[in-house]
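Note sheet for the following structure.
Scope of the values below: all heavy atoms of this structure, side chains included, with no hydrogens, waters or symmetry mates. Every chain is numbered from 1 and lettered A, B, ... according to where its sequence line falls, protein lines coming before strand lines.
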2 protein chains.
Amino acid sequence: MYTLSKNQQIIFDIIDKSPEPMKAYSILFNVQKKGIKAPLQVYRALDKLVEIGKIHKIESRNAFIACQNSSCQVSKATAFSICESCEKVTEINNSSLSKYLSNFKDKAGMKYSKYNLEFFGLCKKCTTK
Amino acid sequence: MYTLSKNQQIIFDIIDKSPEPMKAYSILFNVQKKGIKAPLQVYRALDKLVEIGKIHKIESRNAFIACQNSSCQVSKATAFSICESCEKVTEINNSSLSKYLSNFKDKAGMKYSKYNLEFFGLCKKCTTK
DNA sequence: AATTTAAATGTTATAATATAACACTATGTA
DNA sequence: TACATAGTGTTATATTATAACATTTAAATT
Ligand SMILES: [Zn+2]
Ligand SMILES: [Zn+2]
Ligand SMILES: [Zn+2]
Ligand SMILES: [Zn+2]
């Protein structure tokens, strides 16, 4: 089990507490009181946290969310649902889906080592509005 | 059938001819001889081309590729394979996959209107190197 | 054909996201 | 201790994307 460094811990904590995905510069703003002053300090921590699977990047939003499973086999297989109205993002944990995608092979015979899936739609709340 | 405007056509053509995904500022550089001088002219055309499904954005790469199917039901269901070594990107056209994903429902009962899937790995060429 | 409306264009400026380069510090381990 | 590896701090800069506004073109309606 990996021990987070000081900056990594600070930045993980703020993402983990956030109810929604956080953007890098919003993270930066929020950790300035803790002595983290430069974008690069944030991006370096983000890179590491993504690498070890503690957080995921929501690519379509350039934002980061704490892993809601158990560090997702170190981020090799991720799936999210994204509400296009309220921007709520939920990590999908569905073994049928992950099995299907992990075993998927395309015609070109390419073997995949990783995937990222983003579903878009309206969440329950936003549907009934 | 939608008729492309002048800028849309210029920008679609250059993406369509490219063997690899193109980034916005690389597109800009390449169309400056045709009178398109500003980023915004490129981004506006890209937005429209994505909207009508003529091109797709590869989110993990901030790059754009011409649709290799038939405008993908106006971009509602996209899947790509990406080689992490040579960066070759191929659009996946697999009816089993698209059926599976289009019918997927999560536990929260959210109904999805769109998805984007990116697989990562090594292409055949890069595997045998 | 003239009028109205919507879509697209041109332009300048600026916002938001991300990395390069370099000096230094902490931590683990031989 | 000596060495290697990972993390930090800092300044500067690169890359990606949008705001705002004036104008033009194309399409639809009268
Ligand atoms: Zn996860
Ligand atoms: Zn919602
Ligand atoms: Zn397509
Ligand atoms: Zn390759």
Side-chain angles (χ1 to χ4, degrees), chain A residues 1-15 18 20-65 74-75 82 84 87 89 116 118, chain B residues 1-15 18 20-65 74-75 82 84 87 89 116 118:
Chain A
M1 226 241 63
Y2 187 86
T3 305
L4 299 183
S5 75
K6 180 171 133 275
N7 287 2
Q8 288 160 12
Q9 188 68 60
I10 290 169
I11 284 166
F12 174 72
D13 286 344
I14 194 165
I15 296 172
S18 171
E20 58 199 17
M22 291 190 78
K23 300 190 148 228
Y25 276 73
S26 157
I27 293 167
L28 175 59
F29 178 81
N30 279 276
V31 296
Q32 276 177 334
K33 53 199 150 204
K34 305 219 172 182
I36 295 176
K37 288 172 192 157
L40 200 42
Q41 294 175 291
V42 173
Y43 280 105
R44 284 196 286 224
L46 290 174
D47 284 351
K48 192 66 178 185
L49 291 167
V50 166
E51 184 191 325
I52 64 178
K54 297 280 290 181
I55 65 171
H56 303 302
K57 182 173 187 182
I58 309 301
E59 292 287 356
S60 64
R61 300 298 187 260
N62 297 318
F64 299 86
I65 190 176
V74 193
S75 280
I82 302 170
E84 290 186 295
E87 292 295 327
V89 173
N116 179 56
E118 298 182 2
Chain B
M1 228 237 67
Y2 187 86
T3 305
L4 299 183
S5 75
K6 178 171 133 275
N7 287 1
Q8 289 160 13
Q9 188 69 57
I10 290 170
I11 285 165
F12 174 73
D13 285 344
I14 195 167
I15 296 172
S18 172
E20 57 198 17
M22 290 191 80
K23 301 191 146 228
Y25 277 72
S26 155
I27 293 167
L28 175 58
F29 177 80
N30 279 276
V31 296
Q32 277 177 333
K33 52 198 148 205
K34 304 219 173 183
I36 294 176
K37 288 172 193 160
L40 200 41
Q41 295 176 289
V42 172
Y43 279 105
R44 284 195 287 223
L46 290 174
D47 284 351
K48 193 64 178 189
L49 291 168
V50 166
E51 185 192 325
I52 63 176
K54 296 281 288 180
I55 66 172
H56 303 303
K57 182 173 186 181
I58 309 301
E59 293 287 356
S60 64
R61 299 299 187 260
N62 297 318
F64 300 85
I65 192 178
V74 194
S75 281
I82 301 170
E84 289 185 297
E87 294 294 328
V89 173
N116 179 55
E118 298 181 3

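Along DNA chain C, the nucleotide closest to N62(A) and the one closest to S5(B) are compared, and the more 5′ of them pairs with S5(B). Comparing Y2(B) and K37(B) along DNA chain C, the residue whose closest nucleotide (by nearest heavy atom) sits nearer the 5' end is Y2(B).
Atom CG in D47(A) sits about 11 Å away from atom P in dG7(D), given to the nearest Å. If you take CG of L28(A) and P of dA18(C), they are 13 Å apart, rounded to a whole angstrom. Note: CD1 (I10(A)) to P (dT8(D)) measures 9 Å, nearest angstrom. As a whole-Å value, the separation of L4(A) CG from dT27(C) C1' is 15 Å. Here dA15(C) presents its P atom at 16 Å from NZ of K23(A), a figure rounded to the nearest Å. dT16(D) atom P lies 11 Å from atom NZ of K57(A), rounded to whole Å. When the C1' atom of dT16(D) is taken as reference, atom CZ of R44(B) falls 16 Å away, rounded to whole Å. The separation between Y25(A) atom OH and dA18(C) atom C1' is 6 Å, rounded to whole Å.
Side-chain nitrogen and oxygen atoms of K6(A) include at least one within less than 4.0 Å of the OP1 or OP2 phosphate oxygen of dG9(D). Side-chain N/O atoms of K48(A) include none lying less than 4.0 angstrom from OP1 or OP2 on dA6(D). For dG10(C), one of the phosphate oxygens OP1 or OP2 lies less than 4.0 angstrom from a side-chain nitrogen or oxygen of Q41(B).
Although no hydrogens or angles enter the test, the distance criterion places a donor-acceptor pair under 3.5 Å between the side chain of E118(B) and the main chain of E59(B). Checked by atom type and distance alone, the side chain of Q8(A) pairs as donor or acceptor with a backbone atom of S5(A) at under 3.5 Å. Q41(B) contributes no side-chain N or O that, together with a main-chain N or O of N7(B), makes up a donor-acceptor pair within less than 3.5 Å.
Among dT12(C), dT9(C), dT16(D), the nucleotide with an atom closest to any side-chain atom of L40(B) is dT12(C). Here the nucleotide nearest the side chain of A24(A), chosen from dT8(D), dA8(C), dA18(C), is dA18(C). Candidate nucleotides dG7(D), dC22(C), dA18(C) were compared by shortest atom distance to the side chain of Y43(A), and dA18(C) ranks first. Between dG9(D), dA8(C), dA17(D), one nucleotide has an atom nearer to the side chain of N7(A) than all others, and that is dG9(D).
More than 12 heavy atoms of other residues, nucleotides or ligands sit less than 6.0 Å from atom OH of Y2(B).
When the options I11(A), I14(A), I10(A) are evaluated for a side chain to side chain contact (heavy atoms under 4.5 Å, CB included) with N30(A), the one that passes is I14(A).
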